[in-house]
Each structure stands twice: as C-alpha cells, then as structure tokens.
Amino acid sequence: RRPLSVWRYRELLPVTIKPVSLQEGGTPLYHLERIGKELGLPHLYAKHEGMNPTGSFKDRGMTVGVSMALQLGMKSVACASTGNTSASLAAYAAKAGVPAVVLLPAGKVALGKVAQALMHGAKVIAIQDNFDRALELVRELCIKHGIYLLNSVNPYRLEGQKTIAFEAVDQLGDVPDRFVLPVGNAGNISAAYKGLRELESLGFIDRLPMMTGIQAAGSQPVVQAVEGSLPEVVPQVNPETVATAIRIGAPVNAEKALTAIRATSGTAAAVTDEEILSMQRDLAQKEGIGVEPASAASVAGIKKLVEEGAIDRDERIVCVVTGHLLKDPETVIKQCPPPIEIEATERALLSVLH
Ligand SMILES: Cc1ncc(COP(=O)(O)O)c(/C=C/C(=O)C(=O)O)c1O
C-alpha cells in the first residue's frame, strides 16, 4: 500500500525520470464539525493544502513541473507569482539544482512567501505593476531567453495538481457531491476537474462533483462570466482584495475553469474581504485549522451559498484550503502585542479564564 502523496499516482503522471520531490501531498482531510454544525452541513470537509512542504498546494504542481524541466533538458526556470508559486518554484528549483527567477507585484506579496523565495535562492524581481502584468512579462522573457516557464499556463503544473482530487476521493472513500476551491489564475480548479475526469474514465468513480469556484468580491472575473453566462471570461483590470494570493484579474486558465464549472453543474460565487477574514478566524478558532486569507474563501463561499439556499444539507462537500496561516501573518497582526506590567499579568491571565 502506497502512502498518500503526489507520487502515489505516478502512473497517471508524465514524469519518467526520478522525480524532484520534497514528499509533497498526503495532506489532511479534516471534518469541519463545529463550522459544519453551524451551517447545518454534517458532511463538510476541508483539505488542508497548507500542510505541503512549502505550505501551499503549489508544491503538487511544482514537483511535476520542475521534474519535467529536467526531463526536457531545461537549464533554468521562472514564474510570475502572487507569492505561493514563487515560494514553491524556489524550493523545488533548489532541490533540482537549477537557477530560478520569480517576478512579483511589488508591495502586494505576503512577506512569508517572499522570505521563502529569497531563502530558497530564487532571484526575486519586484515589478511596479500587478500580477497580470508580471505574467505577461515573464512569458515574453522565457520565450526570448529559453527559460522554462512554470506558471499554470504550463500543463505539467496541472498534472501535479490534479492529484488533489485523487487524494480527496481516496480519503473520503467516495466522490464528494461538491468540490470547492478559491480561484485566482484558475489552475487549481481546472486541475482538480481533470483529475476527476480521469478517475471517471478509469472507472474509479461514476459521477462528478459540482465544481465550485470562489473568488474575492474585488477580483471576480470567473464569477462574472458564470453569473452572466458569458462565452468567456472578461479580464478585470484592477483586481483588489486583502486575499492577495487570488488578486488576479486575467486568469490564464479561465476557459478550463468555465468548462469545469459548467460541465459539472457547478457554480461560482464571490465573497467580501470581511467574509474571508471572518472565516479565516473561524477555521483557526473553531477547527484549529490555520490558513492564509485566500484559502478561507472556499469555506466562506459555502457559508454564503448556504445562506442563499443553494446547498443541499446532505451534500458531501470538500473545500480546499490552499495555503498555511504562516504565509501571511501581517493580515492578522502588524507587530507583537505591547508588553504589560508584570503586576498586571495575573489579572490579564484570569480575564481569559472567566
Ligand atoms: C493560497 C492560494 N489560494 C488560492 C490560489 C488560487 O489558485 P489558482 O486559481 O490555481 O491560481 C492561490 C494562487 C496563487 C498564485 O497564483 C501564485 O502564487 O502566483 C494561492 O496562492
């Protein structure tokens, strides 16, 4: 019996060389008991992708993407990123022993993620524009200089990320009725859908979950397309949200995400920054699950859909929570609490107990 991990499913992955691996995947699937009870959903689960080696689901895509870079004889790798892709690329490039360059939107990336990219040895370039512009730029430069591009426009990233669906079905012991993900560049929802399609064509499952994409109210091009029944996603020019990981106006995987949602009678919904931060706190304080803001969007989206009467209470729902709390401490606290007098400590302590 192989342990739960990305490479448990190696026969369904394109890599033929020894993979560049940091033992990614095998993340916990938690039953949300308190939040589920509050929402009237007895079968609400969260798959904690913050428990990957660099603290986000990107590691699933990078173990395959960087392995493919070596397999294809590439000598260097690059990406644009809202942070987690760059952190993951840096770590896997270090493991592989190849140089990495990452382009970040200046001032809009959580410090933990930049620390990772820097410490793992990537060349970190901050540009005076948003993620969408950084992605355009890095695509041009990779083509011009023969550097291997590892944003989720690279299909090998999605190959690795599709394993999240394999694991969730293995862990649940059945296919969920609904699979919920936060959506930024829309790679992850597309990858999960591909994995589920593969399970179906291999005969492991006989139905597909309703693919549900959640975006921030200030950055919701996919939601607009779904709600407006548009043929394609119209890029949003100035996306804004405290959930900087999903502050993306022109998702490269937009068409794949629309297919995933429409082919499964799924849906898309937007949640406000307040709803995101409130659910981030609930997950931490009611379930002991620490995630960064964007990750909480998937569960916040379910709360909103319940309030709109769009969810059957007996649905088995898997929400992907995509990144660890430690990635973005600054949205929680700007600096350590100021010291209090020694004499006041006992009173402060007792105030917690009553
Ligand atoms: C915590 C977290 N949650 C959700 C998403 C959205 O996933 P996609 O819809 O597949 O993009 C991201 C994406 C991050 C980047 O796009 C990047 O790091 O450049 C993320 O970091």
Side-chain angles (χ1 to χ4, degrees), residues 4 27-49 57 161-183 186 188-200 203-216 220 222-223 226-227 229 246 257-272 275-276 278-280 282-283 286-289 291 294-322:
L4 268 183
T27 58
L29 181 71
Y30 296 120
H31 182 215
L32 299 186
E33 293 182 15
R34 282 202 187 83
I35 293 175
K37 196 183 294 290
E38 283 175 4
L39 297 178
L41 298 175
H43 313 297
L44 181 63
Y45 299 86
K47 189 158 175 60
H48 195 352
E49 287 296 289
F57 70 92
Q161 290 174 209
K162 75 187 180 185
T163 60
I164 196 167
F166 299 158
E167 281 188 18
V169 170
D170 274 344
Q171 288 170 299
L172 205 59
D174 193 357
V175 58
D177 299 302
R178 189 182 295 273
F179 211 88
V180 195
L181 305 95
V183 171
N188 215 23
I189 191 168
S190 305
Y193 172 64
K194 183 173 196 285
L196 290 156
R197 270 266 182 254
E198 290 177 0
L199 290 180
E200 183 189 44
F204 286 106
I205 61 177
D206 58 7
R207 66 187 196 287
L208 293 176
M210 292 174 279
M211 299 307 289
T212 303
I214 308 298
Q215 297 201 291
Q220 52 164 304
V222 173
V223 174
V226 171
E227 287 184 348
S229 304
I246 53 174
L258 287 183
T259 300
I261 291 167
R262 289 171 171 162
T264 61
S265 310
T267 186
V271 286
T272 65
E275 288 167 330
I276 287 172
S278 171
M279 184 53 75
Q280 180 192 26
D282 279 356
L283 282 164
K286 294 175 179 172
E287 307 286 349
I289 301 172
V291 301
S295 311
S298 55
V299 189
I302 285 298
K303 181 172 191 292
K304 176 171 183 175
L305 289 170
V306 166
E307 287 159 1
E308 293 173 352
I311 304 272
D312 294 339
R313 53 162 292 126
D314 58 357
E315 281 183 26
R316 294 155 67 91
I317 303 169
V318 172
C319 292
V320 180
V321 290
T322 46

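The figures here come from the full heavy-atom set of this structure, side chains too, leaving out hydrogens, waters and symmetry mates. Because the structure is predicted, anything quoted here is derived from the model rather than measured. Nothing fancy with the numbering, it's 1 onward along the sequence.
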Strictly distance-based, threshold 3.5 Å: is any side-chain N or O of [X] a donor or acceptor partner for the main-chain N or O of [Y]?
| X | Y | value |
| --- | --- | --- |
| K47 | V321 | no |
| Q280 | A296 | no |
| T163 | F166 | no |
| T264 | M211 | yes |
| T212 | M210 | yes |
| Q171 | T27 | yes |
| E275 | T272 | yes |

Spacing of [X] atom [atom1] and [Y] atom [atom2] [to the nearest 0.5 Å]:
| X | Y | atom1 | atom2 | result |
| --- | --- | --- | --- | --- |
| R197 | I205 | CZ | CD1 | 9.0 Å |
| R178 | L208 | CZ | CG | 13.5 Å |
| L181 | N188 | CG | CG | 5.5 Å |
| F179 | I189 | CZ | CD1 | 9.5 Å |
| C319 | L44 | SG | CG | 5.0 Å |

(message) For the residue pair T322 / E49, report whether a side-chain donor-acceptor contact shorter than 3.5 Å exists.
(response)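 Side chains of E49 and T322: no pair found under 3.5 Å.
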(request) Please determine, by modelled atom types, if K194 and Q161 share a side-chain donor-acceptor pair under 3.5 angstrom. (result) no
Using every non-hydrogen atom in the two residues, find where [X] and [Y] come nearest and quote the distance to one decimal.
| X | Y | value |
| --- | --- | --- |
| H48 | I289 | CD2-CG2, 3.7 Å |
| A268 | I261 | CB-CD1, 4.2 Å |
| A297 | I246 | CB-CD1, 4.5 Å |
| S298 | V320 | OG-O, 2.8 Å |
| G213 | V183 | CA-CG2, 3.7 Å |
| P176 | V169 | CD-CG2, 4.3 Å |

Are [X] and [Y] side-chain neighbours, meaning at least one heavy-atom pair lies under 4.5 Å?
| X | Y | result |
| --- | --- | --- |
| D170 | L4 | yes |
| I317 | L32 | no |
| V222 | Q215 | yes |
| L196 | P209 | yes |
| Y45 | L172 | yes |
| L283 | S295 | no |
| D177 | R207 | yes |

(message) Under the rule for ring-ring contact (aromatic ring centres under 6.0 Å, His included), what residues qualify as partners of Y30, not counting sequence neighbours?
(response) none
Return a table of donor-acceptor pairs under 3.5 angstrom between the side chains of residues 34-43 and protein atoms on other chains or two or more places apart.
{"from": "R34", "atom 1": "NH1", "to": "K286", "atom 2": "O", "distance (Å)": "2.8"}
{"from": "E38", "atom 1": "OE1", "to": "K286", "atom 2": "NZ", "distance (Å)": "3.2"}
{"from": "E38", "atom 1": "OE2", "to": "K286", "atom 2": "NZ", "distance (Å)": "3.0"}

(request) Applying salt bridge (charged side-chain N to carboxylate O under 4.0 Å, His left out), run through E307 and K304 and close with a yes or a no. (result) CA-CA 5 Å; E307 287 159 1; K304 176 171 183 175; over 6 Å; no
(message) According to salt bridge (charged side-chain N to carboxylate O under 4.0 Å, His left out), does anything in residues 257-268 pair up with another residue at least two apart or in another chain? List the pairs.
(response) none
